[in-house]
Amino acid sequence: MEDKVVSVGVFIDGGYYAKIEEGLKKESSLALNLTAILNYVRTTISERMNVELSDCQITENHYFRGRYRVNDASNKHLLYVERKFEDSMIDNDVVFHYKHLREVKKGDEITVIEKGIDTWFALETYELTFLRKFEVVVLITGDADHEMLVRKLKTLKSRVLLLTWNVNSQSSTSKYLKDEANWHIDLGEECIKNRSLINNLTTVINY
């Protein structure tokens with residue numbers, strides 16, 4: 001493919017992304033480096049589509065997540081952590097899509113409800129792909145519920161790159177989702193093949 005600019009849209013399932021971060025932090029005291037991951041995505045797509053790296057452009061990044069209202073986040077001492085995380089996202093021009101979390105108490109247990117995020121993720125991804133004509137849609141998720149989203153994206157003639165990192169069972173990826181995507185990359189498996197890659201894609205957490 002020559003003289004062809006490839007437009008890429010990236011859509012991040014915040015709940016899944018958080019599970020990866022939690023796993024890396026627990027096992028290796030590491031955090032994801034989003035800038036490095038997006039550079040890796042561009043390089044991979046340019047190689048697979050046989051275009052110059054400069055012609056492979058991530059034009060939009062979108063992040064979907066439920067979060068606590070400010071008073072709840074303050075009481076749970078989460079404001080600094082959330083702000084620091086958002087700073088790293090802003091550095092990469094990420095557009096935030098937030099809905100408030102709800103807590104439901106049943107007996108002595110409190111359940112956190114993140115209602116409607118998956119549906120919003122799917123609807124927004126499909127609509128933006130339809131409007132922006134992304135040639136490649138990158139989904140950072142492992143949720144089986146997004147299998148039909150991938151199928152619908154392909155009807156728009158977009159290629160779908162599924163990017164996952166199976167740190168542990170909490171971040172496992174649906175087989176049906178992997179099978180439906182045009183390309184699937186498990187960054188954990190890639191890091192095993194290339195031990196230096198994990199140093200490029202993560203940063204050490206300084207306590």
Side-chain angles (χ1 to χ4, degrees), residues 9-41 58 60-125 128 138-146 162-174 177 186-188 190-191 197-207:
V10 177
F11 296 86
I12 304 170
D13 175 344
Y16 180 78
Y17 195 90
K19 289 175 183 177
I20 297 173
E21 291 242 284
E22 289 166 8
L24 288 173
K25 179 180 179 181
K26 182 177 180 180
E27 296 187 10
S28 309
S29 297
L30 296 174
L32 294 172
N33 182 332
L34 183 60
T35 301
I37 289 172
L38 294 177
N39 287 335
Y40 176 86
V41 165
I58 296 176
E60 293 188 35
N61 298 311
H62 294 266
Y63 175 86
F64 298 78
R65 185 81 198 271
R67 76 171 184 179
Y68 289 106
R69 295 179 185 273
V70 63
N71 288 337
D72 293 333
S74 179
N75 292 335
K76 296 175 184 295
H77 307 291
L78 295 174
L79 285 179
Y80 176 79
V81 173
E82 288 183 352
R83 185 62 180 269
K84 186 175 181 180
F85 174 78
E86 287 173 355
D87 283 348
S88 70
M89 290 281 170
I90 291 169
D91 287 340
N92 290 283
D93 301 317
V94 172
V95 178
F96 297 103
H97 302 263
Y98 284 134
K99 288 194 71 175
H100 284 131
L101 293 170
R102 292 191 296 117
E103 290 186 341
V104 177
K105 187 173 183 179
K106 295 182 178 179
D108 294 330
E109 295 185 0
I110 295 178
T111 302
V112 178
I113 298 177
E114 191 178 52
K115 192 172 180 62
I117 297 294
D118 287 346
T119 301
W120 192 16
F121 179 95
L123 290 172
E124 199 77 14
T125 301
L128 287 172
V138 179
L139 301 180
I140 301 180
T141 185
D143 195 331
D145 290 342
H146 295 316
L162 180 65
L163 195 68
T164 63
W165 194 323
N166 291 348
V167 180
N168 51 42
S169 60
Q170 296 299 310
S171 57
S172 60
T173 305
S174 161
L177 187 61
D186 184 321
L187 291 176
E190 295 303 310
C191 288
L197 184 60
I198 193 168
N199 296 325
N200 296 332
L201 300 180
T202 62
T203 55
V204 177
I205 298 173
N206 295 316
Y207 293 95

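- For Leu101, the side-chain contact (heavy atoms from CB on, under 4.5 Å) partners are Tyr68, Val112, Glu114, not counting sequence neighbours.
- Here the closest non-hydrogen pair linking Leu187 and Tyr40 is CD2-CE2, 3.5 Å.
- Under the 30°/60° scheme for interplanar angles, the aromatic rings of His97 and His62 are found to be tilted.
- Atom OG1 of Thr164 is separated from atom CD of Glu190 by 10.0 Å, given to the nearest 0.5 angstrom.
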- prompt: Passes side-chain contact (heavy atoms from CB on, under 4.5 Å), Val167 versus Glu27? Steps please.
  reply: CA-CA 9 Å; Val167 180; Glu27 296 187 10; 3.9 Å; yes
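- Looking only at side-chain heavy atoms (C-beta outward), Leu30 and Ile205 stay at 4.5 Å or farther from each other.
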Worksheet item: Step by step, would you call Glu82 with Arg65 a salt bridge (charged side-chain N to carboxylate O under 4.0 Å, His left out)?
Response: CA-CA 12 Å; Glu82 288 183 352; Arg65 185 81 198 271; over 6 Å; no
Can you list the steps and then say if Leu38 with Asn61 is a side-chain contact (heavy atoms from CB on, under 4.5 Å)? CA-CA 10 Å; Leu38 294 177; Asn61 298 311; 3.9 Å; yes
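- The shortest distance between side-chain heavy atoms of Leu139 and Ile12 does not fall below 4.5 Å.
- For Thr35, the side-chain contact (heavy atoms from CB on, under 4.5 Å) test picks out Asn33, Asn39, Asn92, with sequence neighbours left out.
- Under the side chain to side chain donor-acceptor pair (under 3.5 Å) criterion, Asp93 pairs with no residue at all, not counting sequence neighbours.
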- Kindly indicate, with the supporting measurements, whether the criterion ring-ring contact (aromatic ring centres under 6.0 Å, His included) is fulfilled by Tyr63 and Phe85. CA-CA 12 Å; Tyr63 175 86; Phe85 174 78; 5.5 Å; yes
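- The two residues His146 and Ala122 make their nearest non-hydrogen contact at ND1-CB, 4.5 Å.
- Across all non-hydrogen atoms, the minimal contact from Ile58 to Val10 is CG2-CG2, 3.8 Å.
- Taking both residues in full, the closest heavy atoms of Gly142 and Leu177 are given as C-CD2, 3.7 Å, listed atom of the first, atom of the second, then distance.
- Not counting sequence neighbours, the partners of His100 by the side-chain contact (heavy atoms from CB on, under 4.5 Å) test are Arg69.
- Side-chain contact annotation: Asp186 with Thr173, donor-acceptor N/O pair under 3.5 Å absent.
- Two residues are said to be in side-chain contact when any heavy atoms from C-beta on lie closer than 4.5 Å; Tyr17 and Ile140 meet this criterion.
- Side-chain contact check for Leu163 versus Thr141: every heavy-atom pair is 4.5 Å or farther apart.
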Donor-acceptor contacts under 3.5 Å from residues 71-81 side chains, at least two apart:
{"unit_1": "Asn75", "atom_1": "ND2", "unit_2": "Asn71", "atom_2": "O", "d": "3.1"}
{"unit_1": "Lys76", "atom_1": "NZ", "unit_2": "Glu103", "atom_2": "OE2", "d": "3.0"}

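- Of all heavy-atom pairs spanning Phe64 and Phe121, the tightest one is CD1-CD1, 3.4 Å.
- Using a 4.0 Å cut-off between charged side-chain N and carboxylate O, Lys26 and Glu21 make no salt bridge.
- Contacts of Asp145 classified as side-chain contact (heavy atoms from CB on, under 4.5 Å), with partners at least two apart in sequence or in another chain: Asp118, Asp143.
- Residue Tyr98 comes nearest to Trp120 through the heavy atom pair O-CZ3, 3.4 Å, listed as atom of the first residue, atom of the second, then distance.
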Using side-chain contact (heavy atoms from CB on, under 4.5 Å), reason through Leu197 and Cys191 one step at a time and then give a plain yes or no.
CA-CA 5 Å; Leu197 184 60; Cys191 288; 4.1 Å; yes
